[in-house]
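Here the structure comes first, spelled out in structure tokens, and everything after it is commentary.
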There are 2 protein chains.
Amino acid sequence: MAAPETRPGLSRPGFTARLPLSPTESVCAMTYCVAMNLASGMLFASDSRTNAGVDHVSTFRKMQLFERPGERLLVLLSAGNLATTQSVVSLLRQRAREERESGHILNVPSLYEAACLVGETLREIAHRDGPALSQSHIEVGCSFLLGGQIKGEAPRLFNIYPQGNFIESTTDTPYFQIGEAKYGKPIIDRVIQHHTPVEDAAKCALISFDSTMKSNLSVGLPIDMLLYGRDALDGGTHKRITEHDAYFQSLHEGWGRALREAFAELPPMSWDK
Amino acid sequence: MAAPETRPGLSRPGFTARLPLSPTESVCAMTYCVAMNLASGMLFASDSRTNAGVDHVSTFRKMQLFERPGERLLVLLSAGNLATTQSVVSLLRQRAREERESGHILNVPSLYEAACLVGETLREIAHRDGPALSQSHIEVGCSFLLGGQIKGEAPRLFNIYPQGNFIESTTDTPYFQIGEAKYGKPIIDRVIQHHTPVEDAAKCALISFDSTMKSNLSVGLPIDMLLYGRDALDGGTHKRITEHDAYFQSLHEGWGRALREAFAELPPMSWDK
């Protein structure tokens, strides 16, 4: 992986100087995740950069799958404090293994209840770890995207806030982003609609990541992508995009060139008063 | 001006629900400003939206000029708490009128010292108003971009932080943004270099505003733009872009169309493993 110092547009003195890492940021996993619930299927994408300061960059998978083939696939993407997100995932997995009586991620009857479960588990960790962290001015918080399908329901997608409450996607708003979402939002806002084919959605998601990585070094390759076809109830199709991925390289170059050409073709501003 | 509720991509339940206005945000002037110090001149642009909650949207000019024709032009762009930014500007103007002995914005001998003066004045207001505001959990802070030219110096540009310290632009980083900067940063990162002609810089700044306004309703028309030609030592050329501006409309439509076309021309992702 390229060292963050060499990423174009990011090693500039103005911007690194402008955003010194606060104690809060220095232990948080800034990241970028996007999930889309479209007519023909669902798309999930997450980067895997975890940073505790720019000189300490690691790779952690931020996409977790909970499956019962033929019955359910749940995909959980996370952004925020890595200790918190890992604890939530560990407890969700442990309680599913133990077949907890009050319900667990692999037997709750709806995705809505799965989202409740993730929210509750997040509150549990925040309650346990929050006081000690806040003494050190460290944010315990994190966000999740939870999507997938449970047999008997349509595919559903939820955006779970650091407080544990959540909202669900709609056909009007078929996508959610968490983490460092802003740089990559304009292209998604322009392209993605409920009926966008998933292949186009994947292309759009990768362009969105490319824009984000160009403007923020806390988001980096590899990117985990998962495509889930509506009603398949399988594990979906996973793809990991590394720096050697020819398609991502071609998108990176093609999109940059297309933007510069589009920019050059628009007329310059006239300053006549 | 279009009501914020009708702005495309912003009235979606997911995103408005995701970002409830906190007490802090409800009294802050979110905004977007960009300034560029290029080989042939300087470009300044600021929106004029001030919001205290989405149902209370006003227009305030965020670009202030301090001029002595033939000797200096200083341009101050502001983002953040409107009470603070207005107080800073009022004091800078009052002290220039009073010809304050210890120096003022119209007689300090360098732009560096003008940036010090703005930073000091900001600290003065933060000291005066901060305690009362923090009792109500309201941010006193704001950011400034200060640029221009004083006779005997080259044009200079400074980014002044809420703490009153500041950084200066360089030929490597010839631009700064403050406020809601992220949505509009990718196109600037891709296009702007020290030798970019100012006409292209103006076009790029407007596209950057268009992307920002598409993704965030707290930034809105009109946009104030000022073009200053290197060594002119005049008041520059001002242009106010309203919703009726034909050039901005053509950029808005042309850029959206060009992005969709560029997107369509790139190959879709293949999911063969």
Side-chain angles (χ1 to χ4, degrees), chain A residues 8-9 12-15 17-18 159 161 167-170 172-173 175-176 180-187 189-191 197-200 202-207 211-212 214-216 225 227 237-239 247 250-251 254-256 258-271 273, chain B residues 8-9 12-15 17-18 159 161 167-170 172-173 175-176 180-187 189-191 197-200 202-204 206-207 211-212 214-216 225 227 237-239 247 250-251 254-271 273:
Chain A
R12 299 174 185 175
F15 292 97
R18 183 172 168 268
N159 184 354
Y161 301 132
I167 55 172
E168 182 169 7
S169 73
T170 64
D172 285 335
T173 308
Y175 57 87
F176 290 130
E180 188 52 275
K182 290 186 178 183
Y183 302 113
K185 187 165 182 285
I187 184 63
D189 280 346
R190 287 183 196 271
V191 168
V198 283
E199 293 76 14
D200 281 354
K203 179 168 67 167
C204 182
L206 284 179
I207 291 172
S211 295
T212 305
K214 190 163 172 57
S215 291
N216 187 313
M225 296 192 86
L227 177 72
T237 307
H238 177 252
K239 190 159 183 172
Y247 178 66
S250 77
L251 272 193
W255 183 246
L259 285 194
R260 284 187 297 274
E261 286 170 5
F263 180 81
E265 279 167 26
L266 290 169
M269 181 160 168
S270 153
W271 284 86
K273 290 190 199 182
Chain B
R12 298 172 184 175
F15 291 96
R18 182 172 168 268
N159 184 354
Y161 302 131
I167 54 173
E168 182 169 7
S169 73
T170 65
D172 286 336
T173 308
Y175 57 87
F176 291 129
E180 188 53 276
K182 291 186 177 182
Y183 301 114
K185 188 165 182 285
I187 184 63
D189 281 345
R190 286 183 197 272
V191 168
V198 283
E199 293 76 16
D200 281 355
K203 179 167 71 167
C204 181
L206 284 179
I207 291 172
S211 295
T212 304
K214 191 164 171 61
S215 291
N216 186 314
M225 295 192 87
L227 177 71
T237 307
H238 177 252
K239 190 161 183 171
Y247 178 66
S250 77
L251 272 193
W255 184 245
R257 189 169 53 242
L259 285 194
R260 285 188 296 274
E261 286 170 5
F263 181 81
E265 278 167 26
L266 290 169
M269 181 160 166
S270 153
W271 284 86
K273 291 188 202 186

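Worth saying up front: this structure is predicted, and the values here are computed from it rather than measured. Quick note: numbers below take in every heavy atom, side chains included, and nothing from hydrogens, waters or symmetry partners. The sequence lines fix the lettering, A, B, ..., with proteins before strands; numbering per chain opens at 1.
For B:P267, the side-chain contact (heavy atoms from CB on, under 4.5 Å) criterion is met by A:Y247, not counting sequence neighbours. By the side-chain contact (heavy atoms from CB on, under 4.5 Å) test, B:A258 pairs with A:A262, sequence neighbours left out.
For the set B:S250, B:C204, B:G184, B:P197, the entry with the most heavy-atom pairs within less than 4.5 Å of chain A is B:C204. The candidate with the highest count of non-hydrogen atom pairs below 4.5 Å against chain A, out of B:R260, B:E261, B:E199, B:R257, is B:E199. When each of B:V191, B:I187, B:L206 is checked for heavy-atom pairs under 4.5 Å with chain A, B:V191 comes out on top.
No side-chain heavy atom of A:N159 sits less than 4.5 Å from a side-chain heavy atom of A:Y175.
The part of B:I207 that comes within reach of chain A is its side chain, from C-beta onward, which places non-hydrogen atoms under 4.5 angstrom from that chain.
In this structure, the side chain of A:K185 does not engage the main chain of B:Y183 through any donor-acceptor pair within 3.5 Å.
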